[in-house]
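Contents: one structure, followed by commentary.
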Amino acid sequence: WACVKTFANSSTVSWKNTGLKTGRKYTYKVRAYVNFNDGKVFSAYSGTRAATPALNKPVISKLTAGPKSVTVKWNKVPGANGYKIYRSATGKAGSFKVVKTINKGGTVSWKNTQLKKGKRYYYKVKAVHENSAANSALSDAAECVCVLGQTTVTATNVAATGKIELTWKAVDGAEAYEVWRSVNEYGVYRKITAVSEVSFEDTTATAGSAYYYKVRAINGKKKGKFSKKVYAVTKKASLSDVIVDTSEKTVTIKAKVNG
């Protein structure tokens, strides 16, 4: 045993022992004393308590999403012999399971493949020591949504209204869809709506005009790739005949949509 610290103030009841070696077990005991006749009178020692300094907690520095993958990056932890990566699909407070064990302390990234497009995943990282008692605490959770897939859009004229109806294929993980429109294929596109369904009728389109559309899936702040542009022309309405009813003193106008 070696005395590592002496306090002259009797009100001090804690102390932080720094500069220790990670993974090494240290055992401590404490005794009190009083000054008496130019000397010290000591109490009996306390019982012993042991502790093992642990590795620092990693910090996830970046998550990079791909179509069906997430790459996890974290800081290098001094003294680590490896890392364990944990994943959850149910939230930061959800159940996390080990999805990868890395046995090299210098490896600080890992690509998680075969994931589901549009799905949100949560990750934590733990630094591992050869003495498991010195393993770090789990890092704070970080989240990422895999890139949303690209949809396919069809534009058709609605005979009854002369308007344009858009339909598209559902995208896994999409919460809604943005519809963008332009009067020129290579012109400026503006978002005209966001809907949760997989169809939309453009009732603001002007009769006899041509429009270009593109659609993309969204999930929170994540946005998928735009669909390929589709083109449609609204139909013009014209008078088919005029019927005059003199007895009722009314004029009835019937119109049809030109095909």
Side-chain angles (χ1 to χ4, degrees), residues 22-23 54-153 167-180 189 191 193-198 214-229:
T22 301
L55 296 167
N56 293 330
K57 181 173 71 173
V59 175
I60 295 177
S61 57
K62 188 176 182 180
L63 295 180
T64 304
K68 292 185 179 181
S69 67
V70 173
T71 299
V72 186
K73 291 185 178 181
W74 59 91
N75 69 305
K76 183 179 180 180
V77 176
N81 298 114
Y83 303 90
K84 289 183 182 290
I85 295 91
Y86 294 72
R87 187 186 71 203
S88 171
T90 57
K92 290 184 177 181
S95 176
F96 282 79
K97 295 182 179 180
V98 176
V99 290
K100 181 67 176 180
T101 298
I102 294 172
N103 295 317
K104 294 182 179 180
T107 300
V108 292
S109 68
W110 174 66
K111 186 174 183 179
N112 191 184
T113 59
Q114 298 181 339
L115 301 178
K116 188 175 181 180
K117 286 182 180 179
K119 191 170 181 63
R120 190 178 300 273
Y121 294 93
Y122 303 81
Y123 294 88
K124 293 182 179 181
V125 178
K126 175 188 286 187
V128 177
H129 193 272
E130 58 186 4
N131 178 359
S132 60
N135 289 352
S136 77
L138 286 168
S139 71
D140 295 334
E143 63 185 275
C144 190
V145 177
C146 286
V147 175
L148 295 166
Q150 183 182 27
T151 188
T152 302
V153 183
T167 58
W168 54 86
K169 292 183 178 180
V171 174
D172 288 342
E175 292 180 345
Y177 301 89
E178 292 180 347
V179 180
W180 293 62
Y189 284 79
K191 186 177 76 172
T193 191
V195 297
S196 58
E197 298 82 11
V198 290
K214 55 185 181 180
V215 177
R216 66 180 176 185
I218 59 174
N219 184 315
K221 294 182 179 180
K222 295 291 183 179
K223 301 181 185 296
K225 185 179 179 180
F226 277 113
S227 67
K228 293 182 178 180
K229 303 163 189 172

Using every non-hydrogen atom in the two residues, find where [X] and [Y] come nearest and quote the distance to one decimal.
| X | Y | value |
| --- | --- | --- |
| K126 | L138 | CB-CD2, 3.8 Å |
| L148 | G118 | CD2-CA, 3.2 Å |
| A134 | T22 | CB-CG2, 4.1 Å |
| K214 | Y189 | CE-CG, 3.6 Å |
| K111 | T71 | CG-OG1, 3.5 Å |
| W180 | R216 | CZ2-NH2, 3.7 Å |

For [Y], is there any backbone N or O sitting under 3.5 Å from a side-chain donor or acceptor partner on [X]?
| X | Y | value |
| --- | --- | --- |
| E175 | G220 | yes |
| N135 | H129 | yes |
| T151 | S227 | no |
| Q150 | F226 | yes |
| Y83 | V77 | yes |

Inset, instruction - Take K92 and D140 through the salt bridge (Lys or Arg N to Asp or Glu O under 4.0 Å) test and state the conclusion after the steps. - result: CA-CA 9 Å; K92 290 184 177 181; D140 295 334; over 6 Å; no

Can you tell me how far [atom2] of [Y] sits from [atom1] of [X], rounded to the nearest 0.5 angstrom?
| X | Y | atom1 | atom2 | result |
| --- | --- | --- | --- | --- |
| R87 | C144 | CZ | SG | 12.5 Å |
| Y121 | T90 | OH | OG1 | 12.0 Å |
| E178 | K191 | CD | NZ | 4.5 Å |
| S109 | I85 | OG | CD1 | 9.0 Å |
| K119 | K222 | NZ | NZ | 15.5 Å |
| Y86 | T101 | OH | OG1 | 7.5 Å |

Would you indicate whether the side-chain heavy atoms of [Y] and [X] approach each other to under 4.5 Å?
| X | Y | answer |
| --- | --- | --- |
| F96 | S88 | yes |
| V125 | W110 | no |
| V171 | K117 | no |
| P58 | N75 | yes |
| N112 | K100 | no |
| K73 | S61 | yes |
| V70 | C146 | yes |

Legend entry - NZ/K169: more than 12 non-hydrogen atoms of other groups inside 6.0 Å: no

Inset, instruction - Please indicate whether K225 has more than 12 foreign heavy atoms, meaning atoms of other residues, nucleotides or ligands, lying under 6.0 Å from its NZ. - result: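 Open.
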
